[in-house]
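Basis for what follows: all heavy atoms, side chains included, without hydrogens, waters or symmetry-related copies. For ligands, and for the atoms within them, numbers begin at 1 and follow the listed sequence.
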Amino acid sequence: MESMSFVLFGATGDLAKRKIYPALYNLYLDQKMPSPFSIIGVGRRDWSDEEFQASVRKSVQTFSRRAEMEEMDEFVQAFRYCAVDVTDPEAFKPLQSLVAQREAELQIAENRMFYLSVAPEFFDVISSSIKTSGLGTTKGWKRLIIEKPFGHDLKSAQQLNEKLGAAFAEEEIYRIDHYLGKPMVQNLEALEFANPVFQALWNNQYIANVQITAGETVGVEERAGYYDQAGAIRDMVQNHLLQMLMMTAMHVPKRISANDIRAQKRQVMEAVRPLQKEEVAQHVVRGQYAAGEISDKPAVDYRGEPGVRPDSMTDTFIAARVWIDDPFWKGVPFYIRTGKRMKEKSTRIVIEFKNPLEGLYHHHQDKPAPNLLIISVHPNEGIALQVNSKNPSNSGKIEPVTVDFSAGTAGVPEAYELLLFDALRGDSTYFAHWKEVELSWKWVEPILAAFRENLVPLHFYPAGSYGPDAAEKLLTADGFQWWLDQAPRREPVASHS
Ligand SMILES: NC(=O)C1=CN([C@@H]2O[C@H](COP(=O)(O)OP(=O)(O)OC[C@H]3O[C@@H](n4cnc5c(N)ncnc54)[C@H](OP(=O)(O)O)[C@@H]3O)[C@@H](O)[C@H]2O)C=CC1
Ligand SMILES: O=C1O[C@H](COP(=O)(O)O)[C@@H](O)[C@H](O)[C@H]1O
């Protein structure tokens with residue numbers, strides 16, 4: 001890997017501590033970092049290099065998935081700190097000098113990675129000062145990694161993109177959607193394209209419906225200021241759920257390359273049927289958590305959370321029926337669902353297959369259950385296939401059994417590790433392309449309008465439940481049901497780890 005400088009804006013912040021430094025350290029242990037490399041942390045506070053290095057060390061000790069600390073002294077040597085108020089373009093001069101000085105000291109090529117782990121209102125001032133200060137004028141390459149949220153609606157996303165575009169080309173921008181860094185989401189591509197058996201079935205002839213769920217047990221926590229303005233629709237649906245939908249529904253690319261895979265994802269999003277705001281209520285369920293219980297402990301209602309408006313209409317739960325108008329998916333509903341304060345923390349994709357021979361067993365009491373392919377994304381990672389089989393110890397009754405391929409989580413890299421490694425080597429496959437982001441906002445816009453104008457009822461659901469009943473009805477109206485983690489199952493008939 002080419003040598004480079006890594007300039008981290010927001011180096012004193014929460015995300016840097018919890019995710020970025022542990023990810024860099026784990027990459028370092030795996031010898032996946034460039035050599036030599038220089039990391040320059042940027043924040044407002046007046047830290048020395050030693051204070052910064054001590055903070056990096058502490059973050060890794062606290063949050064790294066691996067306990068080995070022998071290489072820590074060497075690792076932190078690469079870190080330097082520069083106090084910069086990013087709203088002051090003049091303040092970028094010392095930063096520019098420090099980056100150049102470290103490049104000269106370490107004989108690093110002028111390859112520069114800029115990571116914006118700061119609040120979104122700083123994205124455009126930073127990118128513009130990177131340009132005007134000369135930091136972005138290099139003899140090597142430059143790249144920009146940017147955190148979410150990418151805009152608050154279509155217009156603000158477009159405006160932001162235009163501003164970033166003045167300093168960075170699209171292929172230089174790496175928009176993080178951490179769901180794209182989850183190993184099982186990345187695995188969808190292999191599951192669909194490296195398995196002819198699934199590839200043959202991956203269409204409307206065999207698939208009855210697809211269900212994508214990202215349920216959380218946590219509430220709004222300390223983020224009411226942001227969340228009460230965003231809601232689940234902006235926080236989870238516009239980005240993570242639609243990204244999982246694109247990854248699940250994409251068609252075979254010509255090649256496995258960033259351009260081809262992203263082109264396929266874009267095609268899916270282009271084919272997603274737009275909603276008119278008047279019809280949103282037929283396809284989208286909006287919910288908010290009421291008081292309830294999570295793991296036998298009482299949980300307050302959303303409106304009672306610190307910082308939330310007492311009459312807030314913000315959605316903490318969304319379920320939606322999505323149609324993809326292309327020949328492969330015509331007639332197959334994709335159901336997406338996300339919520340806070342739900343019964344279980346579980347992100348999964350369930351593919352329910354059709355059963356054209358169901359009638360064969362009409363004389364049996366035990367009507368066969370549908371075949372399900374269950375892709376568990378988080379916290380369990382694995383693939384399970386539910387099939388029907390006669391149970392010899394139960395008078396030959398036909399019962400669903402699950403063939404379980406659980407990956408286990410030991411040793412599995414974290415999303416940030418995978419994404420940072422890809423960005424370091426210039427692979428943008430699992431970063432959101434601007435077109436995907438823009439198309440997602442376009443699909444979400446009428447939903448935002450319908451919520452604003454109160455055209456969609458707000459259903460309250462008890463904390464610790466699976467969401468409002470209306471979300472069940474969305475599927476029962478089509479003759480389906482949500483498949484829970486506790487789908488009917490007997491003991492696994494095969495497993496590997
Ligand atoms: N935390 C998380 O889990 C997640 C965060 N994100 C996104 O990541 C980004 C960062 O979030 P997070 O780390 O939580 O935020 P924090 O509030 O914890 O940190 C903000 C950082 O920005 C710096 N900063 C603020 N103002 C300025 C300024 N004027 N000039 C220079 N630096 C400044 C702060 O420096 P100082 O403290 O020295 O003033 C600090 O390093 C946000 O876009 C957020 O939406 C996305 C997903 C998850
Ligand atoms: O981006 C976000 O994601 C988290 C959920 O992420 P996960 O990896 O734990 O599934 C969510 O809690 C947060 O509100 C949202 O901003």
**Asked** Which option out of Ile146, Asp46, Thr12, Ile176 puts a heavy atom nearest to atom 40 (C) of ligand 1?
**Response**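 Residue with the shortest heavy-atom distance to the ligand atom: Thr12.
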
**Message:** Among Arg45, Arg44, Glu147, which one puts a heavy atom closest to atom 39 (O) of ligand 1?
**Reply:**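 Ranked by closest heavy atom to atom 39 (O) of ligand 1, first place is Arg44.
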
**Prompt:** Does the side chain of Ser127 pick up a donor-acceptor pair with the side chain of Asp124 at under 3.5 Å?
**Reply:**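 No.
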
**Message:** Under a 3.5 Å threshold, yes or no: a donor from one side chain and an acceptor from the other, between Asn161 and Arg175?
**Reply:**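 Yes, a side-chain donor-acceptor pair sits under 3.5 Å.
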
Taking distance alone, with N or O pairs closer than 3.5 Å, would you say [X] contacts ligand 1?
X: Asp14; value: yes
X: Val86; value: yes
X: Gly13; value: yes
X: Pro120; value: no
X: Tyr81; value: no
X: Gly43; value: no
X: Thr87; value: no

[X] near ligand 1 by a heavy-atom separation under 4.0 Å:
X: Ala83; value: no
X: Arg18; value: yes
X: Phe9; value: no

Heavy atom of the protein closest to [atom] (residue, atom name, distance):
atom: atom 48 (C) of ligand 1; value: Leu15 CD1, 3.9 Å
atom: atom 29 (N) of ligand 1; value: Asp85 OD1, 3.0 Å
atom: atom 43 (O) of ligand 1; value: Val118 O, 2.7 Å
atom: atom 21 (C) of ligand 1; value: Gly10 CA, 3.7 Å
atom: atom 7 (C) of ligand 1; value: Lys148 O, 3.5 Å

**Request:** Provide the closest heavy-atom pair for Ala214 versus Thr338 in the form atom of the first, atom of the second, distance.
**Result:**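 That closest heavy-atom pairing would be O-OG1, 2.8 Å.
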
**Item:** Heavy-atom donor-acceptor pair, Trp482 side chain to Ala471 backbone, under 3.5 Å
**Value:**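 Side chain of Trp482 to backbone of Ala471: a pair is present.
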
**Asked** Checking side-chain contact (heavy atoms from CB on, under 4.5 Å) for the pair Leu373/Leu191: CA distance, chi angles, key distance, verdict?
**Response** CA-CA 11 Å; Leu373 177 64; Leu191 190 69; 4.2 Å; yes

Which N or O atoms of ligand 2 sit under 3.5 Å from a protein N or O, and how far apart is each pair?
| from | atom 1 | to | atom 2 | distance (Å) |
| --- | --- | --- | --- | --- |
| ligand 2 | 1 (O) | Lys148 | NZ | 2.9 |
| ligand 2 | 1 (O) | His240 | NE2 | 2.8 |
| ligand 2 | 6 (O) | His178 | NE2 | 3.2 |
| ligand 2 | 8 (O) | His178 | NE2 | 2.9 |
| ligand 2 | 8 (O) | Lys182 | NZ | 2.6 |
| ligand 2 | 9 (O) | Lys345 | NZ | 2.9 |
| ligand 2 | 10 (O) | Tyr179 | OH | 2.4 |
| ligand 2 | 10 (O) | Lys345 | NZ | 2.8 |
| ligand 2 | 12 (O) | Glu216 | OE1 | 2.5 |
| ligand 2 | 12 (O) | Glu216 | OE2 | 3.2 |
| ligand 2 | 12 (O) | Lys340 | NZ | 3.1 |
| ligand 2 | 14 (O) | Arg223 | NH1 | 2.8 |
| ligand 2 | 14 (O) | Asp235 | OD2 | 2.6 |
| ligand 2 | 14 (O) | Lys340 | NZ | 2.9 |
| ligand 2 | 16 (O) | Lys148 | NZ | 2.8 |
| ligand 2 | 16 (O) | Arg223 | NH2 | 3.0 |
| ligand 2 | 16 (O) | Asp235 | OD1 | 2.6 |
| ligand 2 | 16 (O) | Asp235 | OD2 | 3.4 |

**Message:** Within ligand 1, which atoms have a heavy atom of Pro149 less than 4.0 Å away?
**Reply:**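 Taking each heavy atom of Pro149 in turn, ligand 1 has 45 (O) under 4.0 Å.
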
**Item:** Check: Trp434 ring centre within less than 6.0 Å of Phe150 ring centre
**Value:**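 Centroid distance Trp434-Phe150: below 6.0 Å, so yes.
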
**Request:** Taking the six-membered ring for Trp and the single ring otherwise, decide whether the centroids of Phe6 and Phe37 are under 6.0 Å apart.
**Result:**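 No, they do not, as the ring centres are separated by 6.0 Å or more.
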
**Prompt:** Is Arg143 positioned over the aromatic face of Phe114, cation under 6.0 angstrom from the ring centre and no more than 45 degrees off axis?
**Reply:**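 Ring-cation test returns no.
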
**Part of Val84 with heavy atoms under 4.0 Å of ligand 1, whether side chain, backbone, both or neither** =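 Backbone only.
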
**Item:** Residue portion contacting ligand 1 (non-hydrogen atoms closer than 4.0 Å) for Tyr226
**Value:**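 Neither; nothing of Tyr226 gets under 4.0 Å from ligand 1.
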
**Asked** Do any non-hydrogen protein atoms sit less than 4.0 Å from atom 17 (O) of ligand 1?
**Response**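 Given the 4.0 Å limit, the answer for atom 17 (O) of ligand 1 is no, no protein heavy atom qualifies.
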
**Request:** May I ask you to decide if the ring planes of His178 and His240 are parallel, tilted or perpendicular, using 30° and 60° as cut-offs?
**Result:**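 Ring orientation of His178 relative to His240: perpendicular.
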
**Prompt:** Hey, what's the ring geometry for Tyr21 with Phe52, parallel, tilted or perpendicular (30° and 60° as the breaks)?
**Reply:**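 Plane angle over 60°, so perpendicular.
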
**Given Leu419, Leu420, Leu8, Ile173, the one that forms side chain to side chain contact (heavy atoms under 4.5 Å, CB included) with Ile145** =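 Passing option: Leu420.
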
**Request:** For side-chain contact (heavy atoms from CB on, under 4.5 Å), just list the numbers for Val185 and Tyr430, CA-CA rounded to whole Å, side-chain angles, deciding distance to a tenth of an Å, and then say yes or no.
**Result:** CA-CA 9 Å; Val185 174; Tyr430 297 115; over 6 Å; no

